[in-house]
*Asks:* 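Dropping the structure in here first, questions after.
Residue numbers run from 1 in the order of the sequence given. Hydrogens, waters and symmetry mates are skipped; everything else that's a heavy atom, side chains included, is used.
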Amino acid sequence: MTSTTKFINEFCDIIDSYGGRDKVMKALCYSAKLVAGYHAKHNPDLAKRYAIASSKISGARATLRLIDDIPMIQYALEYGLGDKEPDRIMAMLGVTANIVDLLYYPIEKICWLSEHKIVDVRHADNWDNLNSVFWVLSVYLNLMRTLRNFWLNQEKLNQSHKLTAATNIDTKAMAKHRLELISIVRISLDFVHAASTLPKGYLWGGKLSTFQVGAIGTLSAGLGIYQIFAKRKLNK
């Protein structure tokens, strides 16, 4: 099997899953936004076409998220009070993140229904702002959990390094730890993007240009796709 065929097969396996397909669509969405932002002044017509493409793909992703409530409820019920977490801080962050996400999805649905004029929603702008707030909270809590987990794993690796020779350290564990660092970078980018959607006057809400949002989103999506390939390679 050639390397090209192998890559195509792996890529098809990735987009066959919901998470993998969403990351690819995210990459396409923000790449188009990046191009639109880049050509905004020099070629407005081209920028408009790419902006429309970005908007359509973003809308498709939002539509697919309409059924995310059910798996989120299942996950929250299985997670419970975080009894399987390594410490109470991780459990507290996990439970709080689940509560935020359980509230976030219905709010996003209300915004979707309002945007497509399926339901007449009063004060639609307020709902959009609330949606942004919950998005920021969700990403922030996810970032705090990832940072905490990275720090706990770093402590374990440091202890292993003291007890055994460096050559005997589990290379797979080290590779997973490096992937966790990539997660921190990726989620940090998502947080910067999410906070930019807040109303003006809150953090850096409304201060990022289309080009900057496109660049941040494209980089985040690229790191996410890389992580999928890397995790598949580790699990082989």
*Asks:* Measure the spacing between CG of L189 and CG of L223 and express it to the nearest 0.5 Å.
*Replies:* 6.5 Å

*Asks:* Output, in order, the C-alpha distance, side-chain angles, deciding distance and verdict of side-chain contact (heavy atoms from CB on, under 4.5 Å) for K176 and N153.
*Replies:* CA-CA 10 Å; K176 287 182 178 179; N153 287 336; over 6 Å; no

*Asks:* Will you find, in the side chains of N149 and E180, an N or O donor that is under 3.5 Å from an N or O acceptor?
*Replies:* yes

*Asks:* From L137 CG over to I99 CD1, what is the distance, rounded to the nearest 0.5 angstrom?
*Replies:* 12.0 Å

*Asks:* Should we say atom CG of D120 is surrounded by more than 12 heavy atoms from elsewhere, each under 6.0 Å from it?
*Replies:* no

*Asks:* What is the minimum heavy-atom distance between S138 and V100, and which atoms define it?
*Replies:* N-CG1, 3.9 Å

*Asks:* Hey, could you give me the OG/CE distance between S58 and M25, rounded to the nearest 0.5 Å?
*Replies:* 9.0 Å

*Asks:* Parallel, tilted or perpendicular: which describes the rings of Y140 and F191, with under 30° parallel and over 60° perpendicular?
*Replies:* tilted

*Asks:* Report yes if the side chains of V185 and L219 come closer than 4.5 Å at any heavy-atom pair, otherwise no.
*Replies:* no

*Asks:* Which atom names give the shortest non-hydrogen contact between R65 and Y105, and what distance separates them?
*Replies:* O-CD2, 4.5 Å

*Asks:* Looking at Y50, I want to see if its OH is surrounded by more than 12 non-hydrogen atoms of other residues, nucleotides or ligands under 6.0 Å.
*Replies:* no

*Asks:* State, with a plain yes or no, whether a side-chain heavy atom of M174 is found less than 4.5 Å away from one of R178.
*Replies:* yes

*Asks:* How many angstroms lie between atom CG of L203 and atom OG1 of T197, to the nearest 0.5 angstrom?
*Replies:* 10.0 Å

*Asks:* Quick check: closest heavy atoms across N131 and C111, and the distance to 0.1 Å?
*Replies:* CB-SG, 3.8 Å

*Asks:* Please report the closest heavy-atom contact between A194 and V139, naming both atoms and the distance.
*Replies:* CB-CG2, 4.4 Å

*Asks:* Could D22 and K26 be called an ion pair, given the rule that one side-chain N must be under 4.0 Å from one carboxylate O?
*Replies:* no

*Asks:* Hey, what do you get for CZ (F150) to CG (L181), rounding to the nearest 0.5 Å?
*Replies:* 4.5 Å

*Asks:* Between L143 and S188, does the side-chain contact (heavy atoms from CB on, under 4.5 Å) criterion hold? Intermediate values first, please.
*Replies:* CA-CA 7 Å; L143 178 60; S188 296; 3.6 Å; yes

*Asks:* Decide yes or no for H193 and D190: does some side-chain heavy atom of the first lie under 4.5 Å from some side-chain heavy atom of the second?
*Replies:* no

*Asks:* With clusters defined by side-chain heavy atoms of hydrophobic residues (ILVMFWY) lying less than 4.5 Å apart, directly or transitively, does M92 cluster with L147?
*Replies:* no

*Asks:* Above 12 or not: heavy atoms from other molecules or residues under 6.0 Å from CD1 of I184?
*Replies:* yes

*Asks:* Should we say atom CZ of F229 is surrounded by more than 12 heavy atoms from elsewhere, each under 6.0 Å from it?
*Replies:* yes

*Asks:* Please determine whether the number of non-hydrogen atoms from other residues, nucleotides or ligands lying under 6.0 Å from atom OH of Y18 exceeds 12.
*Replies:* yes

*Asks:* Just so I know, are the side chains of I216 and L208 near enough to count as touching, which here means a heavy-atom distance under 4.5 Å?
*Replies:* yes

*Asks:* Do the charged groups of R145 and E85 touch, with an N to O distance under 4.0 Å?
*Replies:* yes

*Asks:* Take a 6.0 Å sphere around CG of L46 and say whether it holds more than 12 heavy atoms from other residues, nucleotides or ligands.
*Replies:* yes

*Asks:* Ignoring hydrogens and geometry beyond distance, is a side-chain donor-acceptor pair present between W112 and H116 at under 3.5 Å?
*Replies:* yes

*Asks:* Counting only heavy atoms not in I118, do more than 12 sit closer than 6.0 Å to its CD1 atom?
*Replies:* yes

*Asks:* Hydrophobic clustering (ILVMFWY, side-chain heavy atoms < 4.5 Å, transitive) - are I187 and W135 grouped together?
*Replies:* yes

*Asks:* Do the non-hydrogen side-chain atoms of E108 and L66 ever get within less than 4.5 Å of each other?
*Replies:* no

*Asks:* Looking only at heavy atoms, which two atoms of R21 and I15 are closest? And how far apart?
*Replies:* NE-O, 2.8 Å

*Asks:* Relative to the ring of Y38, is the ring of F211 parallel (under 30°), tilted (30 to 60°) or perpendicular (over 60°)?
*Replies:* tilted

*Asks:* Any donor-acceptor pair under 3.5 Å linking the side chain of S54 with the backbone of C29?
*Replies:* yes

*Asks:* Search all heavy atoms of V95 against all heavy atoms of G80 and return the closest pair with its distance.
*Replies:* CG2-O, 3.7 Å

*Asks:* Check the pair F134 / D101 against side-chain contact (heavy atoms from CB on, under 4.5 Å), numbers first and verdict last.
*Replies:* CA-CA 8 Å; F134 272 88; D101 286 341; over 6 Å; no

*Asks:* With hydrophobic residues grouped by side-chain heavy-atom distances under 4.5 Å, do I70 and L102 end up in a single group?
*Replies:* no

*Asks:* In terms of hydrophobic clusters joined by side-chain contacts under 4.5 Å, are M90 and M144 together?
*Replies:* no

*Asks:* Quick check: does any side chain N or O of S114 sit under 3.5 Å from a backbone N or O of I110, one acting as donor and the other as acceptor?
*Replies:* no

*Asks:* Strictly distance-based, threshold 3.5 Å: is any side-chain N or O of E155 a donor or acceptor partner for the main-chain N or O of L152?
*Replies:* no

*Asks:* Drop me the distance from M72's CE to L103's CG, to the nearest 0.5 angstrom.
*Replies:* 10.0 Å

*Asks:* When you measure from the side chain of T146 to the backbone N and O of S183, does any donor-acceptor pair fall under 3.5 Å?
*Replies:* no

